[in-house]
Amino acid sequence: MKKELKRMQTSNPILMISSIYNSLTKAEKKVADAVRDNPEEAVMFTVTDLSEKAGVGETSVIRFCRKLGFRGYHDFKLAVAQDLVHLPSYITGEIDELDEFDVIIRKMTQNHESILKSTMDLLRLESLQEAVELLVKANKIYIYGVGSSGITALDAHYRLMRLGMNVEVQRDSHIIAMSAALAGKGDVVLGITTSGSTKDLVDPIAEAKRNGAGVVCLTSHAKSPITQIADAVLLIPSKETPFQGGALTTKIAQIHVIDIVATLIAITKKETAYASVKKTANAVADKLY
């Protein structure tokens, strides 16, 4: 890209805890629970205080902090304290069946605002730049997603196709396996999976990786199997409430990141992208009354 993206500060530690929680050891999960249950109290603790609160040894606390990308407990505590200062003034609430319509509208809007803010906090500019550079240079882009993530894959295909990229999208597990077997050096696979552990997606992408293809993944779990084979990881939050089941908020985060990526690609390939958008717009101009 013509302009280097500025280095982003360490991601929101509370969000990162949720992202890597499943990969933590039993002792580290106790530390994570202690911090998430009362972050305001945690920032006042010494490493000894937190280890006693969680019922684990001090080394488990240090390992936990390092898994989040911090050098030690002090850096972690400072990051949590900084995030607490910038917490929104409202509290995002869960929807109750007794809520009035106006309350439901307000709560849902606040939930969506919150997920977009959390998405921005989790995105690392270095990873975003790596993803954009890989996609811009790709001979062909293969976009894969199954289930709900397959819907996001369709949107990603639409956005990149209109920019003039050589791109295909697959959502069927069998076709994904066959398609990925054809991907090779110079190609890039974009895998979209909330869990990062979908076998029907991860295994074929690993095959494409072995064949020389680059891999970009969009996921909610930083330590999931797909991140182990990805060249660039785009991390999003997965925020669920009992009423919503998490599908829409996760979808909003996914689409938001795809929109960011497509916009950065359009800026990077300004001349050719504009020409392609103009051609595709003209192609359907006569479809309107």
Side-chain angles (χ1 to χ4, degrees), residues 1 5 8 11 19-20 22-23 69 119 122-161 163 165-238 250 253-262 264-265 268-269:
M1 296 178 65
L5 294 172
M8 190 178 185
S11 299
S19 176
I20 70 169
N22 291 337
S23 69
T119 301
L122 274 182
L123 269 180
R124 293 183 180 274
L125 294 188
E126 302 96 320
S127 297
L128 188 57
Q129 182 171 341
E130 290 170 359
V132 171
E133 289 179 349
L134 280 169
L135 294 168
V136 166
K137 295 176 181 178
N139 295 329
K140 183 173 183 178
I141 301 170
Y142 297 82
I143 305 177
Y144 302 141
V146 296
S148 178
S149 293
I151 300 172
T152 305
L154 288 175
D155 186 75
H157 173 265
Y158 173 78
R159 294 296 306 273
L160 298 186
M161 176 269 295
L163 294 178
M165 311 292 282
N166 181 15
V167 57
E168 79 168 59
V169 60
Q170 301 296 345
R171 299 188 296 158
D172 178 270
S173 61
H174 287 193
I175 298 179
I176 287 175
M178 291 185 284
S179 172
L182 299 176
K185 189 174 181 180
D187 299 326
V188 173
V189 175
L190 171 58
I192 303 173
T193 163
T194 302
S195 69
S197 303
T198 307
K199 186 176 177 62
D200 287 343
L201 196 76
V202 177
D203 287 353
I205 291 178
E207 170 81 9
K209 176 78 172 182
R210 287 191 293 270
N211 291 338
V215 177
V216 177
C217 75
L218 179 59
T219 184
S220 295
H221 295 277
K223 299 294 183 179
S224 58
I226 196 170
T227 65
Q228 306 307 305
I229 58 175
D231 299 293
V233 177
L234 301 176
L235 200 59
I236 61 169
S238 180
T250 301
Q254 289 179 338
I255 295 297
H256 183 55
V257 173
I258 292 300
D259 193 28
I260 291 172
V261 170
L264 292 174
I265 289 175
T268 304
K269 294 170 57 70

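Distance alone, capped at 3.5 Å, places no donor-acceptor pair between the Tyr142 side chain and the Ala208 backbone. Remark: side-chain polar atoms of Asp155 are not paired, donor with acceptor, to backbone N or O of Thr152 under 3.5 angstrom. Within the 3.5 Å criterion, the main-chain N or O of Thr219 finds no donor-acceptor partner in the side chain of Thr194. Although no hydrogens or angles enter the test, the distance criterion places no donor-acceptor pair under 3.5 Å between the side chain of Ser127 and the main chain of Ala232. The backbone N or O of Ala222 sits less than 3.5 Å from a side-chain atom of Thr227, completing a donor-acceptor pair. A donor-acceptor pair is defined here as one N or O able to donate and one able to accept, closer than 3.5 Å; such a pair exists between the side chain of Asp231 and the backbone of Val215. In terms of modelled atom types and a separation under 3.5 Å, the side chain of Asp187 and the main chain of Ala213 share no donor-acceptor contact.
Here the shortest heavy-atom pairing between Val146 and Arg171 reads CG1-O, 3.5 Å. Looking at every heavy atom in both residues, Ala156 comes nearest to Leu190 through CB-CD2, 4.4 Å. When all heavy atoms of Ser224 and Ser197 are compared, the closest pair comes out as CB-OG, 4.1 Å. Smallest separation of non-hydrogen atoms from Ser220 and Leu235: C-CD1, 3.8 Å. Leu218 and Gln254 get closest at one heavy-atom pair: CD2-O, 3.9 Å. The two residues Ile205 and Gly191 have their closest heavy-atom pair at CD1-CA, 3.8 Å.
At a threshold of 4.5 Å between non-hydrogen side-chain atoms, the residues Asp259 and Arg159 count as touching. For the pair Val261 and Val216, the minimum side-chain heavy-atom distance is 4.5 Å or more. In this structure the side chain of Asn166 never reaches within 4.5 angstrom of the side chain of Asn139, judged on heavy atoms. Proximity of His157 to Leu154: side-chain heavy atoms (C-beta onward) are nowhere separated by under 4.5 Å.
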Could you go through Lys269 and Leu163, starting from their C-alpha distance and side-chain angles, then the distance that decides it, and tell me whether this counts as side-chain contact (heavy atoms from CB on, under 4.5 Å)? CA-CA 8 Å; Lys269 294 170 57 70; Leu163 294 178; over 6 Å; no

Output, in order, the C-alpha distance, side-chain angles, deciding distance and verdict of side-chain contact (heavy atoms from CB on, under 4.5 Å) for Ile236 and Leu234. CA-CA 7 Å; Ile236 61 169; Leu234 301 176; 5.9 Å; no

Should Asp200 and Ile176 be marked as a side-chain contact (heavy atoms from CB on, under 4.5 Å) after you check the CA-CA gap, both sets of side-chain angles, and the distance that decides it? CA-CA 8 Å; Asp200 287 343; Ile176 287 175; over 6 Å; no

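The distance from atom CE of Met161 to atom CD1 of Ile143, rounded to the nearest 0.5 Å, is 10.5 Å. Here CG of Leu135 is found 4.5 Å from CD1 of Ile265. Values are rounded to the nearest 0.5 Å. With values rounded to the nearest 0.5 angstrom, Glu130 atom CD is found 7.5 Å from Leu134 atom CG. A distance of 11.5 Å separates NZ in Lys209 from CD1 in Ile226, rounded to the nearest 0.5 Å. The CD1 atom of Ile192 lies 9.0 Å from the CG atom of Leu201; values are rounded to the nearest 0.5 Å. Atoms CE and CD1, on Met165 and Ile141 in that order, are 3.5 Å from each other to the nearest 0.5 Å.
With Ser179 as the partner, the side chain to side chain donor-acceptor pair (under 3.5 Å) test is satisfied by one option alone out of His174, Glu168, Gln170: Glu168.
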